[in-house]
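Reminder, nothing fancy here: chain letters follow the sequence lines and each chain counts from 1. Computed from a prediction, not measured in an experiment: that's the story for all the values here.
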Amino acid sequence: MLSQIETDFRDMLLIRRTEELILQLFTEGKVSGTTHTCIGQEANAIALISQLDPAIDFVMSNHRCHGHYLSFGCSLEGLLGEIMGRANGICGGRGGSQHLKSGNFFSNGVLGGGAAIACGLALGEKLKKQNGIAVWCLSDGALGEGVVYESLNMAALWNLPILFFVENNLYAQSTPIALGVAGSVVDRAKPFGIHADEIDTTDVEQLRPWCSEMIEYVRTNRKPAWAVVDTYRLAAHSKGDDNRPEEELARHREHDPLYLLRRRVSDACIENAEKWVEDVLAKAAEAAENSPASTMDGELS
Amino acid sequence: MLSQIETDFRDMLLIRRTEELILQLFTEGKVSGTTHTCIGQEANAIALISQLDPAIDFVMSNHRCHGHYLSFGCSLEGLLGEIMGRANGICGGRGGSQHLKSGNFFSNGVLGGGAAIACGLALGEKLKKQNGIAVWCLSDGALGEGVVYESLNMAALWNLPILFFVENNLYAQSTPIALGVAGSVVDRAKPFGIHADEIDTTDVEQLRPWCSEMIEYVRTNRKPAWAVVDTYRLAAHSKGDDNRPEEELARHREHDPLYLLRRRVSDACIENAEKWVEDVLAKAAEAAENSPASTMDGELS
Amino acid sequence: MKRVLDSLNEGFHRVMKERPEVVVIGQDILDPYGGAFKVTRGLSTDYPERVITSPISEAGITGVGIGLALQKFRPVVEVMFGDFTTLIVDQLINHGTKIYAMYGQRVPLPLTVRTPMGARRGYGPTHSQSLERLFMGVPGLNVVAVSPLVDPGELLTQVILSDGPSLFVENKTLYSHPLWSEESSIQGMKVTRSEDTFPSCTLSYGEEPDVTLVTYGGMTPICLKAAARLREEEELICDVVILHEISPFKVDAIGASLRKSRRMVVAEEGTYSWGWGAEVIARLSEYRFDAPPVRVAAREVPIPAARSMEDEVLPQVRDVVAAAIQTVDSDLR
Amino acid sequence: MKRVLDSLNEGFHRVMKERPEVVVIGQDILDPYGGAFKVTRGLSTDYPERVITSPISEAGITGVGIGLALQKFRPVVEVMFGDFTTLIVDQLINHGTKIYAMYGQRVPLPLTVRTPMGARRGYGPTHSQSLERLFMGVPGLNVVAVSPLVDPGELLTQVILSDGPSLFVENKTLYSHPLWSEESSIQGMKVTRSEDTFPSCTLSYGEEPDVTLVTYGGMTPICLKAAARLREEEELICDVVILHEISPFKVDAIGASLRKSRRMVVAEEGTYSWGWGAEVIARLSEYRFDAPPVRVAAREVPIPAARSMEDEVLPQVRDVVAAAIQTVDSDLR
Ligand SMILES: Cc1ncc(C[n+]2csc(CCOP(=O)(O)OP(=O)(O)O)c2C)c(N)n1
Ligand SMILES: Cc1ncc(C[n+]2csc(CCOP(=O)(O)OP(=O)(O)O)c2C)c(N)n1
Ligand SMILES: [Mg+2]
Ligand SMILES: [Mg+2]
């Protein structure tokens, strides 16, 4: 049995390698369109999303969704197939990188609107008197969309079990947070009377208990919460567009969540994880490669 | 020369009588459509809007706009003509009660959107390095619209000389504030780093200096401010729809801004004001009556 | 005499009684107020847990409706005036209909957005529009419009019970209009209903038609008046075809009449260009016409508040009459 | 070889140089990034005070544009992907165009909203749509679309200098397309331009046309390929009429060709129903046709991400070819 830290290391590594593979597929021209990786932010996904219960909870994610998707226990094969446009893709190739659905997991590349939908999912839990919660994933840039505040207001008014999961990575595409977000990120929810908290770390061991508390707050109190994680994306916004200063990147690489854990787990653990990830990924990639290109057949055509 | 309090009394009385006349025209079936009076809220309009400079400042108002319009020095004849659908209406009868424009004054019956437009007007002042400010008028209900928060963010980011003038009258149509607004009204602007203040009074003598300070803050610092006035509308939302408890109304009638002043000014002042208002109003009504019904002629047809 | 409003309200009560998964969200819908146009009156008293009064957040409540639909509820969202559906375009186009169809599997999304559209009450430029146009042709979205011909409460119920997202359009002037839906003959015209869930109705004098008038919603009574006047004053016989599912729509009923008349007038209250009628004409262009089809619609200006001007801008009986005469007088270029 | 993108960028630089009242607002438009599609590249370096990078607030920045226009600036608002224009419908329909026309006087509102529309890059269901449809027929709003035929930078300039609100549509696939606008003959076809500010162009082989292909924007190169193929493989001669002002639009150029061909295919990248083509057909229905006009458009489903499926859903050269053949083979019902 793996310890928590070993599991987290392995799972974060899987996300990292998967996204590296995806980027490589783009570079090789095997895939077209666009993609957004969460390289550098894996600890958030693992710490928060993997603590949810896919049977009863809901996740509404955004353009940068692979880590959330995998942390929620959704199919790796389905993800690769989807991005490669194969029939075995989780959405049959229709959604692509930004539009995934698997069980209670949803993502959409249009910023903002998901906040209100997540409120609706949470309201559903409330009306059914069930225990699930809804999580809406956003980053600093999405704070620009008005519907976020409409949602905060409704969530607070109606005591909705929704967790607003803000991965503040300091940038929205090329725009540094200072040019896009006035004032405070964590305070944005407070005037609505919503419990808000912030943590500034990429360390999964610090994130896990904090996320657990935030989730429990929502689950137990049946009330919204606003959970801000200060983080950083180490890769480009999408495929290769990055104008951030190299010094800044270098500084943040020292907080690479994988790098942090590598210093804490054993060499054997690292080796096993690398091996396991390689295997799993190879199989998934092979399955996708072997799946036929997707076509417009079936009821949705 | 009238003293400030005498002027304010007279001007508030003009707004009151004008709106009473408008309601009467509706009751008599002389006008169709709808209207929203600011009866009970006249002190806000007078205290804030009349301290602006119509030559350089801008007002973007909403459905409840007659008080703002008159306080900004716009034509009474034009207002009555407009509501009565006459050619002499300030908008030739096209806009009606909710859609007025005169110089730098604008109103629109669609809630929310004006916030961003007022930001644009303020940005214009900034880019031109002029001294004007923009005022956007809202009440508690409009806090539900997301674009308000998009506007707060932009106003703060770009240091726009805009005053958000929140007339919190505790209701949005039939909805009491507790069912529509979570948390705090005055705090809504704070996470954006915007100066926010609140005053709970219908007394124009208290409001005037406070409004003057808020205006000066914006004008001098070239920065946004969020000015919340706690007030109450004494008439129905629009023409006759009112389900509020009579006790509540009675309690608030004691704070009727006109009633407050009546106890402070001389009988002569009251008499003169009533007389003046009656004359002015009669003339304006006559002008409107004598103006032909508006038609679709001209460049806008 | 039952009015359209009564029927809607009764249908609403019925479906909420029968279907515990129906939830209603909107502004000012709680009793005693019961909604700006009173369609929801009484619901909050009978079903307090399932009637949720909302902040003024049209986008927000539409999103909430989408989330509830994903939770297997049948949410009905009221947008107080159809003019404000401008605020829910993103939710319907980029979220609701996308969830319904972009994930490689049909994700049931039984969301109904109800809204009053239309003018003729002096409400002015931002409270009088017929903006359903914006939602016509949106893949995956159904647009259904009330008329006095097909029981409005039943129509609403069917929309609520359908599995995809829908926009339900209630023309304001119809609220107080008496129901015709029980009658088999209206103003001397025989009514034929198609078998569809959202029927097309053909009203006919039983004589060979000279012109086919095609319409929906609030223009229904106006077209019937025009048909009567055309018959009396011009000795022109019209069929009137009224659709209820207006996007997507079936051409069958229109085509059947057109085959006889070979002349068509399409009437709607919204603005002219890219209106409902554009698609009707484009779709029917496979048919032989003896004269170009004519559209009757609102002038392309903001709808003025003054009634005198509002009347000039909106399509009237006289305009439908003139259009029908035009199809008889004119010829192809 | 100058591309459409270069021309847009140069035009932008030129108009900002000449007109100090031009102000640009959008997401990620500052150098070195210079905008998601680089149309605004270099502007922020040359005019730092007049290029404002914005939060992700499409409605907000459109409103700001309206306010700036009222302040006598000529704001240009960039919406990063046309798909997100769903968020500015309220600002354009209930605010911008209303201010322009509802106050009983013409209030100048020189606002330009620029946006890239269109698919064929595998961006998936929410980054590939052609949603200009939503804005066609909006009273007071001009919709103008780029093609490689009329200098795009000049077209943009004219839009910026016009006095009312406009939506300026740039199909993504055109950015890298070479300019044709200097040439008087394109792929063996002679180009005739109308004298309008936003010209209509007719491309013709100089022979009597069998079919008139009508299109705009991103479908331009596709229609030209179809015309070439139809000539080579089917011995069918097409005129291709390309509009730039697509709403409202003038029928003159289309009508002139139609009078000769009496057959029409309208091609667009957006979805079929209530698309641009519906209005074109409805408006041209006064003309005599030898066969029903045919529309070529996208299938009414979300645009899939996988290129294999995207190709199936979007209108291709083969579809235009098939449609043209259909007009020659078919007959009226
Ligand atoms: C409504 C909308 N506007 C703009 C975009 C284009 N866009 C995609 S991602 C992005 C930046 C998002 O920044 P942020 O929310 O901070 O997320 P991050 O990329 O940092 O995870 C932008 C502008 C979009 N997808 N949706
Ligand atoms: C976008 C929009 N949604 C709904 C309405 C309908 N409406 C008009 S006034 C009003 C209540 C507004 O309340 P509040 O903002 O508090 O203003 P007050 O009437 O109290 O002055 C509503 C819901 C509207 N005009 N615009
Ligand atoms: Mg970010
Ligand atoms: Mg209020």
Side-chain angles (χ1 to χ4, degrees), chain B residues 58 60 78 81-82 87 89-96 98-102 104-130 132 134 136 145-158 160 162 294 298-301, chain D residues 20-27 47-77 87-111 113 139-140 163-165:
Chain B
F58 288 84
M60 186 63 61
E82 186 61 28
I90 190 76
C91 300
R94 286 177 195 253
Q98 308 189 71
H99 310 97
L100 304 173
K101 177 192 185 303
S102 172
N104 288 349
F105 183 92
F106 299 83
S107 73
N108 188 333
V110 179
L111 294 166
I117 301 173
C119 282
L121 290 166
L123 178 57
E125 286 302 300
K126 179 179 166 172
L127 293 176
K128 290 179 182 170
K129 302 192 170 56
Q130 291 177 170
W136 182 56
E145 295 293 350
V147 69
V148 177
Y149 307 89
E150 300 188 5
S151 302
L152 287 169
N153 193 37
M154 294 186 295
L157 276 175
W158 302 337
L160 302 182
I162 176 172
S294 49
E299 59 162 349
L300 292 178
S301 62
Chain D
E21 73 270 28
V22 176
V23 176
V24 185
I25 310 178
Q27 294 155 21
Y47 310 98
E49 297 215 329
R50 291 193 278 138
V51 178
I52 301 170
T53 197
S54 84
I56 308 175
S57 310
E58 286 79 5
I61 59 177
T62 305
V64 166
I66 294 170
L68 280 175
L70 289 174
Q71 282 272 33
K72 304 202 180 357
F73 287 93
R74 295 189 175 274
V76 184
V77 172
L87 291 160
I88 67 167
V89 174
D90 185 61
Q91 285 293 337
L92 288 184
I93 293 187
N94 284 336
H95 295 276
T97 54
K98 291 293 186 289
I99 291 175
Y100 187 54
M102 79 175 170
Y103 290 129
Q105 54 191 292
R106 181 61 80 208
V107 178
L109 205 100
L111 166 71
V113 176
D163 264 356

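Between the side chain of D:Arg106 and the main chain of D:Tyr100, a donor-acceptor pair closer than 3.5 Å is present. Panel note: side chain B:His99, backbone B:Gly95; a donor-acceptor pair is recorded below 3.5 Å. B:Gln130 places no side-chain N or O within 3.5 Å of a backbone atom of B:Glu125 that could act as its donor or acceptor partner.
The 12-atom threshold is exceeded at NZ of B:Lys128, counting heavy atoms of other residues, nucleotides or ligands nearer than 6.0 Å.
In this structure, the portions of D:Tyr103 lying under 4.5 Å from any heavy atom of chain B include both its backbone and its side chain. For D:Leu87, no part lies under 4.5 angstrom from a heavy atom of chain B. Looking at D:Gln91, only its side chain comes within 4.5 Å of chain B, counting heavy atoms on both sides. Using a 4.5 Å cut-off between heavy atoms, D:Thr62 does not touch chain B at all. The parts of D:Asn94 that come within reach of chain B are both its backbone and its side chain, each placing non-hydrogen atoms under 4.5 angstrom from that chain. Heavy-atom distances place the side chain of B:Phe58, and not its backbone, under 4.5 Å from chain D. Proximity to chain D (any heavy atom under 4.5 Å) is restricted, for B:Leu100, to the backbone atoms N, CA, C and O. There is no contact between B:Glu82 and chain D, counting heavy-atom distances below 4.5 Å. Contacts between B:Val147 and chain D at a heavy-atom distance below 4.5 Å involve the side chain alone, from C-beta outward. Within the 4.5 angstrom heavy-atom criterion, only side-chain atoms of D:Ile99, from C-beta onward, approach chain B.
Among the candidates B:Ala118, B:Ser107, B:Gly114, the residue making the largest number of heavy-atom pairs closer than 4.5 Å to chain D is B:Ser107.
Side-chain contact check for D:Leu70 versus B:Phe106: some heavy-atom pair is nearer than 4.5 Å. Here the side chains of D:Gln27 and D:Glu58 are in contact, with some heavy-atom distance below 4.5 Å.
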Kindly indicate, with the supporting measurements, whether the criterion side chain to side chain contact (heavy atoms under 4.5 Å, CB included) is fulfilled by D:Ile25 and D:Leu68.
-> CA-CA 11 Å; D:Ile25 310 178; D:Leu68 280 175; 3.7 Å; yes

